[in-house]
Amino acid sequence: MSQVPHVRLNNGVSIPQIGFGVFQIPPERTADAVRVALDAGYRHIDTAQGYGNEEGVGQAVRESGLRRGDVFVTTKLANDRHGYKEAIVALDESLERLGFDHVDLYLIHWPRPRADRYVETWRAFEKVAAAGKARAIGVSNFQIPHLRRLAAASETVPAVNQIELHPYLVQAELRDYHRTHGIATEAWSPLAKGGDLLQEPVIVALAEKYGKTPAQVVLRWHLQLGNIAIPKSVTPERVRENIDLFDFELDNDDVSAIEEMGRFLRTGPDPDLFG
Ligand SMILES: NC(=O)c1ccc[n+]([C@@H]2O[C@H](COP(=O)([O-])OP(=O)(O)OC[C@H]3O[C@@H](n4cnc5c(N)ncnc54)[C@H](OP(=O)(O)O)[C@@H]3O)[C@@H](O)[C@H]2O)c1
């Protein structure tokens, strides 16, 4: 039995707090990678139209022997599919590739503020949710002004905002906004892509203190902040390591010490400019 806690979204849908991200996993390797993750106990997979690997995700879930309702699957609207009709058709195409009749979460991948179409796109998201093609709808890479604009134009509050978030980019303001408005915070690149962060003295010292690995300390920090986190790995031992987080708890001081590492360092693009 998986011990992963669930977060209840603002429409009552429940999402496992640890998921498996598949960005940059080549299409031909995706089904195997997802199989490893499902075997390790993950019940939440994060893909996107832009990753080109939805087929592999769908295949692994369908062949797993698990019930569809036991695996939470997210996909995201590709940047070049903004617009009312486009966003609806794009989800139908995703469902075809996944081999599902619905996704659990459909996200606007990037706001693309210069194109200025995300409000229109959000109307399409409300439509697919009402039609049962997405159990929950949300956004990704939205900054506070983008969230405010949606709130002014629509009564539907995004269930989730999936943002770059790790100890180098702690996103305190956005997390506050989310908390106040009932939006769940989902962390992408939760390990800051597994680079320097995992060698930071603060993280390494905590790993020694708790007898866990640096990645486990960082993921445990996400859990204790209430974030949903979706680490990616194609290395089976790491896939298992990244969900083996439930036999220790960070002291409050240690959670704060990690928070203090924040230095506004992005590993990915600036959402105000991207796309
Ligand atoms: N919404 C968005 O715009 C957006 C953007 C980026 C990512 N995402 C989502 O977030 C997911 C995760 O982000 P990410 O892949 O960029 O970064 P990440 O999960 O922070 O890091 C992945 C990297 O860390 C390595 N790694 C994983 N576990 C490790 C461990 N226990 N010890 C040491 N190294 C480890 C992986 O290597 P190996 O694979 O070689 O093991 C890989 O190179 C993506 O897959 C995607 O689903 C969303």
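Whatever order the structure lists ligands and atoms in, that order sets their numbers, starting from 1. The shown structure was predicted, so the numbers you read here are calculated from the model rather than taken from an experiment. When reading the values below, keep in mind they use all heavy atoms of this one structure, side chains included, and skip hydrogens, waters and symmetry mates.
Protein neighbours of ligand 1 below 4.0 Å, counting non-hydrogen atoms: Gly21, Val22, Phe23, Asp46, Tyr51, Lys76, His109, Trp110, Ser140, Asn141, Gln162, Trp188, Ser189, Pro190, Leu191, Ala192, Lys193, Gly194, Leu198, Ala215, Ile230, Pro231, Lys232, Ser233, Val234, Thr235, Arg238, Glu241, Asn242.
His178 and Thr185 form a side-chain donor-acceptor contact under 3.5 Å, judged by distance and modelled atom types alone.
Asp272 has no carboxylate O lying under 4.0 Å from a charged side-chain N of Arg114, or vice versa, which leaves the two without a salt bridge. Between Arg175 and Glu259, at least one side-chain nitrogen of the basic residue sits less than 4.0 Å from a carboxylate oxygen of the acidic one, meeting the salt-bridge criterion. Salt-bridge formation is detected for the pair Arg123/Glu126: a Lys NZ or Arg NE/NH1/NH2 atom is positioned less than 4.0 Å from an Asp or Glu carboxylate oxygen.
Atom CD of residue Glu249 and atom CD of residue Gln224 lie 4.5 Å apart, to the nearest 0.5 angstrom.
In this structure, His109 has its ring center closer than 6.0 angstrom to the ring center of Tyr51.
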